[in-house]
Amino acid sequence: MRASSTSRYPSWDRTRDRSSPRLAARGAVVDASSVEHLHRSTWSIGFDADPGCRPIVDATRHILSTAGLTRLRSSEPDLLVVCSRGEAARSRFERPSLFGTPHLAVVIDEDRVRTGPFVRPGLTPCVGCHDLHRTAWEPAWPALLHQFGRSSVAVGPTALAAPTAHAAAVEIAVDILAVVDGQRPRTTGHCLLVGPQHDERMTWSVPFHPGCSCDLLAAA
Ligand SMILES: [Zn+2]
């Protein structure tokens with residue numbers, strides 16, 4: 001678990017203290033915003049994304065870059081975003097789960113985007129927990145699992161409106177920044193649905209499922 005470095009230095013708020021820049025120039029104090037960016041720049045984010053996810057991924061990268069993250073195309077990321085058109089093949093979550101890499105599922109579902117659950121392997125409910133809960137109210141879900149990732153839905157035009165795609169990118173970036181800043185992202189144990197309109201949101205909880213063995217990872 002990474003620790004924030006922002007508390008190690010005295011800081012100043014440039015909007016309130018007009019004398020501090022001279023002190024900062026002598027190294028007496030540190031601009032808190034620059035320290036925050038320094039801390040954020042140490043994080044690497046990876047995107048395992050279908051080609052049809054590019055508008056959301058590009059918008060998310062842009063927001064993260066503006067927020068001070070610089071390593072946004074990592075193949076060995078500190079945090080992996082799995083972005084798919086339709087549900088992703090569950091094999092795409094095996095490696096991050098096995099190696100303990102925090103990961104976030106993002107699914108474009110026609111004209112809306114589902115984000116979550118955000119998973120810290122062994123510590124928070126996983127995609128398997130999500131599937132088991134979903135099976136309870138959608139009995140066909142287990143049969144569908146084997147077809148995820150094989151459909152042609154991953155290519156071609158999307159029904160997702162551009163403002164909704166950007167709204168989803170904001171939500172994704174906010175959760176990634178929460179992780180980077182040592183906070184608990186909202187999609188921990190939850191899913192968030194954006195759309196069809198850009199200002200429409202729906203959220204529901206995804207607790208640990210008793211039939212899933214993911215919480216045993218922490219004890220392994
Ligand atoms: Zn689980």
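Note that the structure is predicted; figures quoted are calculated from it, not measured. As the structure lists them, so they are numbered: ligands from 1, and atoms in each ligand from 1.
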Checklist entry - Do the non-hydrogen side-chain atoms of S84 and V107 ever get within less than 4.5 Å of each other? => result yes
Next on the checklist: For a distance under 2.8 Å, tell me if C126 has an N/O/S atom near the Zn ion (ligand 1).
Outcome noted: yes
Checklist entry - Does the shortest distance from the Zn ion (ligand 1) to an N/O/S atom of C214 fall below 2.8 Å? => result yes
Checklist entry - Using the ring of each side chain (for Trp, its six-membered ring), is W141 parallel, tilted or perpendicular to H130, with breaks at 30° and 60°? => result perpendicular
Next on the checklist: Quick check against the 3.5 Å criterion: does R92 have a side-chain atom that pairs as donor or acceptor with the backbone of V82?
Outcome noted: no
Item to check | Presence of salt bridge, E171 and R201, under 4.0 angstrom | outcome: yes
Checklist entry - What angle, in degrees and rounded to 10°, do you get at the Zn ion (ligand 1) when you join it to SG of C212 and to SG of C129? => result 110°
